[in-house]
Structures are given as C-alpha cells and as structure tokens.
Amino acid sequence: MTHIAVIGAGQAGSALAAKLRALGYEGRLSLIGAEPVPPYQRPPLSKKYMSGEMELERLFLRPESFYAEQGIDLLTGTRVSGIDPETMVITFADGTEMPVDQIALTTGADPICLPPVMGGGEGVYTMRSLADADAMAHEFTPGRRVLIVGGGYIGLEAAAVAALKGLEVTLVEMAPRILARVASEETADWIKTMHGSHGVDIREGCGLQGLSKSAASFSATLSDGTALEVDFVICGIGVRPGTALAERTGVEIDNGIKVDEFGRTSHPKIFAAGDCASFPWKGARIRLESVPNAIEQAEATAASMLGQGAPYVAKPWFWSDQYDVKLQIAGLNTGFDDVVVRPGDKPGTQSHWYFKGAELLAVDAMNDPRAYMQGKRWIEAGQSPEKAALADMGVSLKSVPVMGVELA
C-alpha cells in the first residue's frame with residue numbers, strides 16, 4: 001500500500017487530501033499541520049472572526065470527523081523538521097520518522113514581522129493565524145488606539161474591524177499610496193476615502209521607524225518625524241512563501257517552491273500547491289495568495305499525483321470585505337496602462353477596469369457583483385470590451401461590444 005503525506009494543513013492541504021480520496025486513492029494518507037487545530041479558513045480572521053461575527057467552529061473547513069471518515073490521518077500540532085529526498089523519509093521535530101511514497105508541500109506563507117531594531121514584543125501582532133487573531137482579541141476595546149503598519153488588504157481589513165469597534169485607528173504605508181502593489185490609484189483612492197469616512201487616519205509615504213514601550217502603551221516614531229502614542233500595533237507588511245522545509249530538502253525555489261503546470265517540483269516524488277508554490281502562467285511564473293488558487297491548484301495537483309492530471313490553468317480572483325463594502329477582483333492587472341471607471345447602478349458602487357492597450361486584464365468591483373461577474377466571464381473567455389462603451393453608463397454591460405473569442 002502506498003503512503004502520501006501532505007505537509008501543511010491549511011486550505012490547500014485540506015483540499016488536496018480530500019481530492020485524493022475523491023479521485024479514488026485508497027492508500028495511506030497523512031495530513032500534517034503545525035497548528036493545534038483542524039484546517040480552517042484564514043480570510044475571515046481579519047474580517048468576521050475578528051469582528052465577532054463568526055464563531056470558531058464556523059472557521060473550520062470541515063468537521064473534524066470528516067478526516068477520520070475519509071481515512072485521512074490528521075496530525076495537528078505536528079512539525080516536520082526535515083525530508084530525506086533520497087529515501088523519502090519525513091523526520092518530525094520530536095525525532096520520529098515516517099517513510100512515504102509521495103509528498104505534497106502545502107506550507108502556505110509566513111507573515112513578515114517588524115525587524116527587531118524597531119522594537120516590539122508584547123502588544124505587537126501579525127495577522128496570519130488563528131493564534132494571532134486570538135492573541136489580539138482583548139485589544140479591541142472602544143477608545144483604544146491602534147497603529148497598523150502596512151496598507152495592503154490585511155492591514156485595511158484590520159483597520160475596518162478596529163474602526164467599527166470604536167478604536168482610534170492610524171494606518172501608515174511607506175509606499176506613496178495604499179495598495180501600491182496590487183491596485184490602481186483609482187481603487188486605492190476610493191478605498192482611502194471610504195476609510196476616512198469611518199475616521200481612520202491613513203498616512204501614505206510614511207513608515208514606522210521605531211517603537212518604545214512604556215508600562216501600558218507604545219510611543220511610535222514615524223518616518224516623517226512625528227510621534228504617536230498607541231496601545232497596540234498590528235503589522236501587516238506582507239508575507240513570504242513558506243519555503244524553509246523545501247529549501248532544506250533541496251527542491252528548486254523561484255519566488256516560492258517552483259512547480260510545473262502539474263504541480264511537480266524538481267524532485268519527481270514531491271509536489272507543491274497553494275501560497276507556497278510558483279507556477280507557469282501565460283508565459284511567466286506567478287505565485288497567487290488566494291483561497292481560489294489554493295483549492296484549485298491543490299485539486300489539480302492531487303490528480304497529477306495519481307497520474308490523472310491535466311495542466312493547471314489559473315483563473316485568478318480575489319475578494320476583500322471592509323465595512324459594508326465587498327471588493328471583488330477578477331484577473332491580474334500586471335502590466336496595465338489604462339483604467340476605465342464605471343459607476344455602478346446603485347450609489348456607492350463602482351468598478352475599475354484594467355487594460356493593456358485594448359486587452360482587458362482585470363476588474364475591481366466595489367459592491368458591484370454584476371460588473372465583477374461580467375468582467376470575470378470576459379477575462380476567462382479571452383474577450384475585451386470596447387473602452388468607450390464600457391465607460392458609458394447609457395450602455396448596459398451586456399450590450400458593450402467585445403473583441404475576442406465569442407462566449408459559449
């Protein structure tokens with residue numbers, strides 16, 4: 001009987017293990033996670049879980065009984081210290097070993113922390129794990145002051161929860177504007193205005209230089225020379241792919257664990273999927289940090305491990321919840337040179353359409369699911385709408401002329 005081990009019990013790991021069983025794999029199957037809880041959703045941590053709208057049990061991807069019913073050995077609170085690529089033996093942190101036939105690395109991503117020179121310690125948090133969210137829960141008391149470092153989606157989502165809970169929120173972003181790496185100036189400005197209407201103080205082109213802690217608060221020195229007194233700090237400056245184990249194993253790394261279109265690493269018996277893996281896409285190599293990619297790539301990789309696979313072709317989409325706004329994103333805007341702004345049908349709704357020349361690359365839709373769905377269909381069908389008609393609210397989305405392959 002064969003034995004497959006999935007190392008990393010997050011969204012990708014859970015999806016991969018479940019798919020192996022769904023595809024008929026009957027051998028031994030181990031799902032190994034360092035955290036002491038079953039696989040859970042991460043996106044709600046900085047949204048509904050932190051705000052108290054979602055209970056712990058609802059975070060779990062599946063009931064714990066599912067794994068036993070499917071014959072999946074779920075090993076929680078278990079750290080892997082090494083893999084011998086020649087013998088395919090996994091070594092755990094406690095020194096025990098496990099021989100396997102194939103391995104899937106679904107080791108996710110790790111939060112980037114403030115460098116020690118800036119100060120920190122108790123009262124400085126990251127937002128990546130359930131433990132992170134639980135550790136800072138007591139801080140969210142009305143009237144307290146929080147400094148959020150980083151103007152990406154994690155930082156902005158944490159800012160929204162804090163503001164709604166009545167905290168005094170300051171967010172600093174070292175780049176000239178928030179969302180500089182992932183969104184247009186139009187989207188960034190729209191979101192900044194929304195946060196301002198909720199009392200969040202966003203300071204762009206301004207970073208954190210240092211922290212000094214007193215008995216009950218911090219003095220934060222900013223790069224513009226100002227000082228702030230805050231009660232706690234949330235660091236949301238990004239993540240790094242979880243490649244440490246793969247690097248020790250000797251598999252190739254390229255902006256994550258390098259895999260081919262079938263999820264195979266440079267070692268024939270080791271595969272990878274999810275946030276930790278980079279893969280070929282449209283002549284380039286990308287790594288996507290998103291729930292849809294974690295699930296879809298993991299399921300495609302499971303099929304490949306059983307010899308049933310087809311090349312994985314990503315269809316990127318993302319979302320972010322802030323206040324009463326759902327931002328939905330389809331496609332990747334890399335290389336865009338033009339943005340078409342289209343107001344939605346209702347007040348407070350809007351969509352931003354990214355083009356490279358005449359080609360539609362992506363769409364950001366703020367409380368405008370119709371625009372998101374239409375944009376997603378066009379992008380996945382290889383179609384591009386005519387810009388002038390798209391910007392004209394007198395032309396319905398369904399009536400906008402398009403170029404490219406006709407929709408089926």
Side-chain angles (χ1 to χ4, degrees), residues 1-45 48-49 54-83 88-94 96-110 128-134 242 245-246 257 263 269-277 290-309:
M1 179 180 288
T2 58
H3 184 183
I4 294 177
V6 182
I7 302 175
Q11 188 91 54
S14 176
L16 199 151
K19 191 65 172 181
L20 285 170
R21 286 295 189 228
L23 292 173
Y25 173 67
E26 297 179 349
R28 185 178 173 189
L29 179 55
S30 299
L31 177 58
I32 305 164
E35 295 186 65
V37 290
Y40 61 86
Q41 308 172 66
R42 292 191 190 276
L45 292 177
K48 292 187 176 181
Y49 182 73
M54 179 180 284
E55 298 177 352
L56 175 62
E57 289 71 22
R58 289 178 57 205
L59 275 184
F60 296 143
L61 293 168
R62 295 177 172 88
E64 196 164 0
S65 59
F66 167 86
Y67 302 97
E69 292 165 358
Q70 292 294 311
I72 299 170
D73 299 327
L74 177 60
L75 307 177
T76 58
T78 305
R79 293 189 176 274
V80 174
S81 59
I83 300 169
M88 292 294 286
V89 171
I90 294 171
T91 302
F92 296 103
D94 64 2
T96 59
E97 297 182 339
M98 175 189 286
V100 297
D101 297 287
Q102 287 182 302
I103 293 171
L105 297 172
T106 52
T107 45
D110 303 312
R128 182 66 184 177
S129 69
L130 178 60
D132 292 335
D134 287 344
L245 179 60
I257 303 170
K269 294 183 180 179
I270 300 177
F271 295 72
D275 289 5
C276 66
S290 74
V291 168
N293 178 72
I295 295 171
E296 293 161 9
Q297 188 184 24
E299 292 184 343
T301 299
S304 295
M305 296 179 79
L306 301 180
Q308 305 173 18

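Fair warning: this is a prediction, and the values are worked out from it, not measured in the lab. In this chain, numbering begins with 1 at the start of the sequence shown.
Here the options are I83, I90, V6, the test is side chain to side chain contact (heavy atoms under 4.5 Å, CB included), and the partner is V100; only I90 passes.
For the pair T76/P36, no side-chain contact is recorded, criterion being any heavy-atom separation below 4.5 Å from C-beta on. Looking only at side-chain heavy atoms (C-beta outward), L75 and Y67 stay at 4.5 Å or farther from each other. With contacts defined as side-chain heavy-atom distances shorter than 4.5 Å, the pair Y40/L56 does not qualify. Contact annotation: the side chain of D94 never approaches that of T78 to less than 4.5 Å [non-hydrogen atoms, C-beta and beyond]. Residues F66 and L61 have side chains not in contact (no heavy-atom distance under 4.5 Å, counting atoms from C-beta outward).
A donor-acceptor pair is defined here as one N or O able to donate and one able to accept, closer than 3.5 Å; no such pair exists between the side chain of Q102 and the backbone of K269. Within the 3.5 Å criterion, the main-chain N or O of A93 finds no donor-acceptor partner in the side chain of R79. No donor-acceptor pair under 3.5 Å is formed between the side chain of T96 and the backbone N or O of F92.
Scored by the salt bridge (charged side-chain N to carboxylate O under 4.0 Å, His left out) test, E35 finds R42 as partners (sequence neighbours excluded). D132 is linked by a side chain to side chain contact (heavy atoms under 4.5 Å, CB included) to T126, R128, S129, counting only residues two or more places apart in sequence or in another chain. By the side chain to side chain contact (heavy atoms under 4.5 Å, CB included) test, T107 is found to be paired with I7, I257, C276, residues two or more places apart in sequence or in another chain being considered. Considering only residues two or more places apart in sequence or on other chains, S81 meets the side chain to side chain contact (heavy atoms under 4.5 Å, CB included) condition with T91. Considering only residues two or more places apart in sequence or on other chains, R58 meets the side chain to side chain contact (heavy atoms under 4.5 Å, CB included) condition with M54. Taking the side-chain hydrogen bond (donor to acceptor under 3.5 Å, both in side chains) definition, one finds that R62 meets it with S14, sequence neighbours left out. Legend: residues meeting side-chain hydrogen bond (donor to acceptor under 3.5 Å, both in side chains) with S65, ordered by chain and number and at least two apart, are absent. By the side-chain hydrogen bond (donor to acceptor under 3.5 Å, both in side chains) test, S30 pairs with H3, sequence neighbours left out. Considering only residues two or more places apart in sequence or on other chains, R28 meets the salt bridge (charged side-chain N to carboxylate O under 4.0 Å, His left out) condition with D73. Residues satisfying the side-chain hydrogen bond (donor to acceptor under 3.5 Å, both in side chains) criterion with D101, sequence neighbours excluded, are absent altogether.
More than 12 heavy-atom neighbours from other residues, nucleotides or ligands sit within 6.0 angstrom of CD on Q308.
The minimum heavy-atom distance between A12 and A298, with the atom names listed, is O-CB, 3.3 Å. In terms of heavy atoms, G33 sits closest to A9 at CA-CB, 3.6 Å. Here the closest heavy-atom approach between residue A273 and residue L16 is recorded as CB-CD1, 4.5 Å. Looking at every heavy atom in both residues, L45 comes nearest to A133 through CD2-CB, 4.2 Å. The shortest non-hydrogen separation linking T106 to G13 is OG1-CA, 3.3 Å. Residues Q297 and A272 approach most closely at NE2-O, 4.4 Å, considering heavy atoms.
For the atom pair CD1 (I32) and CE (M98), the distance works out to 5.0 Å, reported to the nearest 0.5 Å. The CD1 atom of I4 sits 12.0 Å away from atom CG of L31, with the distance rounded to the nearest 0.5 Å. The CZ atom of R21 sits 6.0 Å away from atom CD1 of I72, with the distance rounded to the nearest 0.5 Å.
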Give the C-alpha distance, both sets of side-chain angles, the deciding distance and a yes or no for side chain to side chain contact (heavy atoms under 4.5 Å, CB included) between M88 and I270.
-> CA-CA 9 Å; M88 292 294 286; I270 300 177; 4.3 Å; yes
